[in-house]
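Read through the structure below, which is laid out as structure tokens, and then see the notes.
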2 protein chains.
Amino acid sequence: MQNKKKIDIIELAKILNLSKSTISRAFRNSSDINKHTRQRILDKAQELNYHPNIYASSLRKRKSKTIAIIIPELANNFFSKAVNGIENIARSNNFHSLIYFTDSQVKKEIEITKNLLNGRVEGVIISATGEGTEPLHIKSLQRNTPVVFFDRVYDEIIAPKVVTDDYESSFKATELLLKNGCKRTAFFVINKNISIGKQRMKGYLDALKANGCKHNDKLILNCCNHFQENYKMISKFLKKEKPDGIFASVERLATCTYSVCKDKNISIPADIKLICYSSIDIADLLAPSLSTVTQPAYDMGAKAAELLFKQINEQQISDEKVTLTSRIDERASSQ
Amino acid sequence: MQNKKKIDIIELAKILNLSKSTISRAFRNSSDINKHTRQRILDKAQELNYHPNIYASSLRKRKSKTIAIIIPELANNFFSKAVNGIENIARSNNFHSLIYFTDSQVKKEIEITKNLLNGRVEGVIISATGEGTEPLHIKSLQRNTPVVFFDRVYDEIIAPKVVTDDYESSFKATELLLKNGCKRTAFFVINKNISIGKQRMKGYLDALKANGCKHNDKLILNCCNHFQENYKMISKFLKKEKPDGIFASVERLATCTYSVCKDKNISIPADIKLICYSSIDIADLLAPSLSTVTQPAYDMGAKAAELLFKQINEQQISDEKVTLTSRIDERASSQ
DNA sequence: TTGTATGCGTTATCAC
DNA sequence: GTGATAACGCATACAA
């Protein structure tokens, strides 16, 4: 399977009766090389299956043309689309993308960033777990490599960030429920201490206040990332608190609620109105169709990548914060 | 932001009054090094933010500890889960994963594989576009690097492959429609010439035959990857051919059909029964709940990665073909 | 336009 | 257990 006789630049030079610098030039579109010589070299290289060793050249040039993408998971359309956006921009810059998953655990995030301290990549795009008190691991990373955040950021860190109008959209989403008559509107969140959790909760709380609803702490439900556990928590919650409206800050909490309601014969939207953050493409095919707050996932990824390359190319610090707007699609579940 | 004074192994050696060989040993858990010396080195390294340059080391060791994952897209739960499986195995082998998307275009696949000829990775896991007559680009790649396929393979290529029982599952899925009374059962496919398309169609055709249904070429609909176009084709198809059963070989063709039926007031399953390949987690929340053939996506990715590492470690050719079985979940859409 | 010489930061081999 | 030295394969400054 493998071609054992790996040929290197020196051998190729010998065969062609040239010096290795000339060979090197041929592969770098160097201006000062005879077109004919160049073609001769490329032809022979192809014939002999010679390809410049990327690690030797990375070492010499001190450039790897590689970035890292660190995200919680892929089991989520939001991140899939964001990665797509990132990779597209990376590719158009002739960069390669390493991908890493944290499973929303700081422990893994720390592990991964440690592995990136050695110059393996020229930049990092991350959607953070947000856990932990102080993201020292990110600060360490920043000393060695440009870092750009998207969606899930560390407020304490100075770096370019791409986020959405979490506060405003959450405010509107909540208000939409209130306008439709909800008196006991609940907020479902995975972690109310991370960046997006905080903002979305703030939007929820302020919408309540602005509409004359008194806040009830019991109507805020802290969930996790596991379906079974969430299912139990939500079942219990619905039974005990009897909310008539739910704003889910994360898609999986909404779909889990759908499952619970289906099993318990609770009607959405008659008994409970629901709206949630989601990047799902088939929200209108659910029963009932799902009202959503949709983030421009692809654009967020692309923008984050652009900011990263700007930083890589211009070699300068920036703490630009780009805020894109989400779209609210009102469907049956909230009406 | 960046720590300009990058320190290297020689400087560290000087500072510690040691030779660089000793420094190197400290970072490679070399057996013959004094524990105390080692600790001294690691401490100082941390203090000075020294990290062994990965490219110098890759060059010297001729190992990159990196693999490439090439898939059509990520906008698809199947691939998301598969990537997750791959990355997990890679990580547990201390390997890094580069990710590339072909958008189902051979042109891009060729471009990507060309970029991998230079030893950037120690192995490649690919779910191919399947387009094109002869995958010469894969053969070229194989000369330089181990390659493992999953799901979408090139039959002509000799390499480890992880697939599912496409034929059998498609047979069963089709039969299920027939058993439920369908007389005009259609088959929706994106590309009936690629590996999985072929197998799934064969299963469909043989199920028809086995159940005494005569095959009608007009009931096979060749679609594409774009929603709008598919929407038009399917609309037209439903109107013209009036199928009463559909086996969609790809999830997006099923959801698109749902959209069409919803808009045209065609009832699933009363007018048309439907079953499809899908890795969606909320098939039971659709209206109606969607009958699915589900592939073990995560396991397929993990298995592919295992086969790749086996090949990397054992340095030997293999054309092992692993066939995992899909699960059929009968829900409302097909009954 | 081409060649020569040197260095990129490691690891491996061999001494000591 | 540690050090000196030669690769690893390429890119660049400088000379020709």
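On a predicted model such as this, the values are computed, not experimentally measured, just so you know. Below, chain A is the first sequence line, B the second, and so on; all start at residue 1.
Take F101(A) and apply the ring pair (Phe, Tyr, Trp, His ring centres under 6.0 Å) test, not counting sequence neighbours, and it matches no residue. In this structure K63(A) satisfies the side chain to side chain contact (heavy atoms under 4.5 Å, CB included) test together with K61(A), E122(A), sequence neighbours excluded. Residues that satisfy the ring pair (Phe, Tyr, Trp, His ring centres under 6.0 Å) test with Y55(B), not counting sequence neighbours, are Y55(A). The side chain to side chain contact (heavy atoms under 4.5 Å, CB included) search around I158(A) returns D319(A), not counting sequence neighbours. By the side chain to side chain contact (heavy atoms under 4.5 Å, CB included) test, L136(A) pairs with E134(A), sequence neighbours left out.
Axis deviation across the helix from dT1(C)-dA16(D) to dC16(C)-dG1(D) amounts to 30°, comparing end segments of five pairs, rounded to 10 degrees.
Among pairs with a residue in residues 296-315 of chain A, those fulfilling ring-ring contact (aromatic ring centres under 6.0 Å, His included) read F95(A)-F309(A), at least two apart in sequence or across chains. The side chain to side chain donor-acceptor pair (under 3.5 Å) pairs that include a residue from residues 95-110 of chain B are H96(A)-Y100(B), Y100(A)-H96(B), R120(A)-H96(B), D103(B)-K108(B), E109(B)-T129(B), E109(B)-H137(B), E109(B)-Y154(B), where partners are two or more places apart or lie in different chains.
Across the protein-nucleic acid pair, L12(B) atom CG and dG9(C) atom P stand 13 Å apart, rounded to whole Å. Protein atom CG of L16(B) is 14 Å distant from nucleotide atom C1' of dT2(D), rounded to whole Å. One atom, CG of N34(B), and another, P of dG3(D), lie 11 Å apart when rounded to the nearest Å. The distance from atom CG of N17(A) to atom P of dT1(C) is 20 Å, rounded to the nearest whole Å.
Proximity of S57(A) to P52(A): side-chain heavy atoms (C-beta onward) are nowhere separated by under 4.5 Å.
Contacts of S58(A) with the nucleic acid, taken as non-hydrogen atoms under 4.0 Å apart, are absent.
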Response to the item:
Per-nucleotide protein contact along nucleotides 8-16 of chain D, 5' to 3', at a 4.0 Å heavy-atom cut-off (B base, S sugar-phosphate only, - neither), is BBBBBB---
